[in-house]
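I have placed the structure first, in the form of structure tokens, so that the comments after it can refer back to it.
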Number of protein chains: 2
Amino acid sequence: MTTPAAFAATTALMAEPPRAAMLQALLSGEAMTAGELARVAGIGAPAASAHLARLVEGGLVTVHPQGRHRYHRLATEDVAAAIEMLGGLADRVAPPRRWPHGEAFRTARLCYDHLAGRLGVALHAGLVDRGWMAPAPGGWAPTPAGEAHLADLGVDLAAARSARRLACDCMDWSERRAHLAGGLGRELAACCLRRHWVSRLSGQDGGDALARRRLTITPEGARRLGDAFGFRLQP
Amino acid sequence: MTTPAAFAATTALMAEPPRAAMLQALLSGEAMTAGELARVAGIGAPAASAHLARLVEGGLVTVHPQGRHRYHRLATEDVAAAIEMLGGLADRVAPPRRWPHGEAFRTARLCYDHLAGRLGVALHAGLVDRGWMAPAPGGWAPTPAGEAHLADLGVDLAAARSARRLACDCMDWSERRAHLAGGLGRELAACCLRRHWVSRLSGQDGGDALARRRLTITPEGARRLGDAFGFRLQP
DNA sequence: CCTGTCCTTCGTCCTGGCCCGAAGCGCGCG
DNA sequence: CGCGCGCTTCGGGCCAGGACGAAGGACAGG
């Protein structure tokens, strides 16, 4: 824990509407240019530049210059988890008018680089239930049986191991239950996207910071994932 | 999730040093009067009153008038979980100078009304490992075997069931791993305190918002809990 | 090399919010 | 009943920081 001053300084970085809009947009896991983020936040380029500079300075966002573009992304999973949690808190503490996405958003979505929503927690529970993942220092680790089944599904375990953390919990605000983060969570999500078991909305971007996080489960995905992990998602 | 405006409004409630100090102090689970909180935050009574009014208005804090005192506490577990998580984020995103508690704080502490730190995650893992708790809609539920053993330890299961949520994950910022929240988490903590397996620091209060959250594990507690849940805490 | 694009820096204005001192209410105690 | 204490409301001063327009630097393409 930190001093109240440091706590407030970090929290204040998220506490302005333009920065909040930017961070929510970045929660899709994509890297975005300063211009896109300015449009998402509904402000001018100079203001956006200043906000982004503060987010970078504060360690919440990292920047990767490429040519004349500057791509921004969330610095760590922890940042994503905190935004996710605050979004859930704001949702139930001051439920004004809901965001247009509503139910669909609770079914399946991206949380930074891994799966969240009902799908995310069902996968987490399935991994534990079937003994494919067991508690380990720092979070979870796949069991031998789990490694075999995950590899069989097409999950790149070597890539998962290269992450800073192999597997850990991330609080799911809509289900109030943990879903899987860490390298394994990332590779599981990548696998689902690669094999078209879930798909992003191919919609336009623009003012809507959340649309890019929504996922739909394909019929094929519902079948394969349901069989592998032993659940049936009610829609 | 909510609109960026609502997100920012809720987040801004935590983003000022005085309010952050108050919220951190309330994270001990105790109810505190406006005057105490003013002292903790280092500001005058009028300013404290205004801050508390905003926190109540925003749904983060509830107030219970008793005589000429007004007792304040965190409104829900969700609020506590969010503060916990932001504290951890600030700690690793901008690690300036550590708070004087340091290591001891990571061993065992209160998070609102349940146990956190190494002890909290060890209990969570132990419950799952031994099959005393299994995934259930909305979080976890004790198994028949678990009910027997928990009752045997002295946990009041009836009281646990009366809570809004029986048992769910709460992210532990220092261990980066879930510990147990919900009614069961609360009763487990109450049991440990009642039986003197852990004890609060009997220190003075005052400017230190965190001291009241620290817990020490008694020798008796280390033995009983270690035997029951199968872990050994290295100090 | 010149042009267009993307982004940042600078200068300026302005609003929102924090703080304190003084005064007003309500409750408990003597 | 009247004093004292805890807390709130009111009024005024102050400063941080957000927004914009204009100008300046970097990069790709013709």
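Naming convention: chains lettered A, B, ... in sequence-line order (proteins, then strands); numbering from 1 in each chain. Just the heavy atoms: all of them, side chains too, but no hydrogens, waters or symmetry mates, feed the values below.
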Can you identify which nucleotide, out of [options], has its nearest atom closest to the [X] side chain?
X	options	value
A/Ser49	C/dT9, C/dG28, C/dC20	C/dT9
B/Ala47	C/dC20, D/dA19, D/dG18	C/dC20
A/Ile43	C/dC18, D/dA19, C/dT8	D/dA19
B/Arg70	D/dG18, C/dC19, D/dC7	D/dC7
B/Arg68	C/dA22, D/dC20, C/dG26	C/dG26

To the nearest Å, how far apart are [X] [atom1] and [N] [atom2]?
X	N	atom1	atom2	answer
B/Arg39	D/dC7	CZ	P	9 Å
B/His69	D/dC7	NE2	P	6 Å
B/Met22	C/dC18	CE	C1'	12 Å
B/Tyr71	D/dG6	OH	P	11 Å
A/His72	C/dC7	NE2	P	7 Å
B/Leu52	C/dC19	CG	P	12 Å
A/Glu36	C/dC6	CD	C1'	12 Å
A/His64	C/dC7	NE2	C1'	17 Å

Margin query: Can you classify the ring geometry of A/His114 versus A/His179 as parallel (below 30°), tilted (30 to 60°) or perpendicular (above 60°)?
Written below: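 Rings of A/His114 and A/His179: tilted, as their planes differ by 30° to 60°.
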Next item on the list: For A/Pro46 and for A/Gly67, locate the closest nucleotide of DNA chain D by heavy-atom distance; then report the residue assigned to the nucleotide nearer the 5' terminus.
Entry: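 This one resolves to A/Pro46.
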Checklist line | Least distance between heavy atoms, B/Asp156 atom then B/Glu187 atom | finding: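 Closest approach of B/Asp156 to B/Glu187: O-CG, 3.5 Å.
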Check: At under 4.0 Å, does any side-chain N or O of B/His51 touch on OP1 or OP2 of C/dG17?
Finding: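 Indeed not, no polar side-chain atom of B/His51 lies that close.
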Next item on the list: Decide if atom NE2 of B/His64 counts as having more than 12 heavy atoms of other residues, nucleotides or ligands within a radius under 6.0 Å.
Entry: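 Counting neighbours around NE2 of B/His64, more than 12 heavy atoms of other residues, nucleotides or ligands fall under 6.0 Å, so yes.
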Check: For residues B/Arg109 and B/Ser174, is any side-chain donor paired with an opposing acceptor at under 3.5 Å?
Finding: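 A donor-acceptor contact under 3.5 Å links the two side chains.
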Check: Want to settle it: does B/Ala45 or A/Ala48 sit nearer the 5' end of DNA chain C, counting the closest nucleotide to each?
Finding: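 Its nearest nucleotide being more 5', the pick is A/Ala48.
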Next item on the list: Could you tell me the separation between the CZ atom of A/Arg186 and the CG atom of A/Leu184, rounded to the nearest 0.5 Å?
Entry: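 That separation rounds to 10.0 Å.
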Next item on the list: Select base, sugar-phosphate, or nothing to describe what A/Ala34 touches, counting heavy atoms under 4.0 Å on all strands.
Entry: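 If one applies the 4.0 Å heavy-atom cut-off, A/Ala34 turns out to touch the sugar-phosphate alone, with no base involved.
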